[in-house]
Amino acid sequence: MSAPEQDKQRNREIAANEAERQAVSAVRVSSWAIGLAVVIGIIAVALVWSWLKR
C-alpha cells in the first residue's frame, strides 16, 4: 500500500470515528432534552391540575 493510499485509509477511519462520536453526543443531548421536556410537562400538568381543583 502506498503512502497516499495509507493516508486516505487513515483519514477514512478518522472520519468514521468522528461521525460515531457526534452521533453518540447527539443521542446524549436528545436524551437530556426529552427528559427536561417531560419534567417541565409534569410540572405544568401539576400546576394546571391544582389550579382547577381549587
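It should be emphasised that the depicted structure is a prediction, and the values quoted were computed from it without experimental measurement.
- R21 has a carboxylate O that lies under 4.0 Å from a charged side-chain N of E18, or vice versa, which qualifies the two as a salt bridge.
- Put simply, the residue from Q6, E5, R12 that forms a side chain to side chain contact (heavy atoms under 4.5 Å, CB included) with K8 is R12.
- No chain of hydrophobic side-chain contacts below 4.5 Å, direct or via other Ile, Leu, Val, Met, Phe, Trp or Tyr residues, connects V24 to V27.
- Remark: L47 CG to I43 CD1 distance equals 7.5 Å, nearest 0.5 Å.
- Partner I42 forms a side chain to side chain contact (heavy atoms under 4.5 Å, CB included) with one of V45, V39, V38 and no other, that one being V38.
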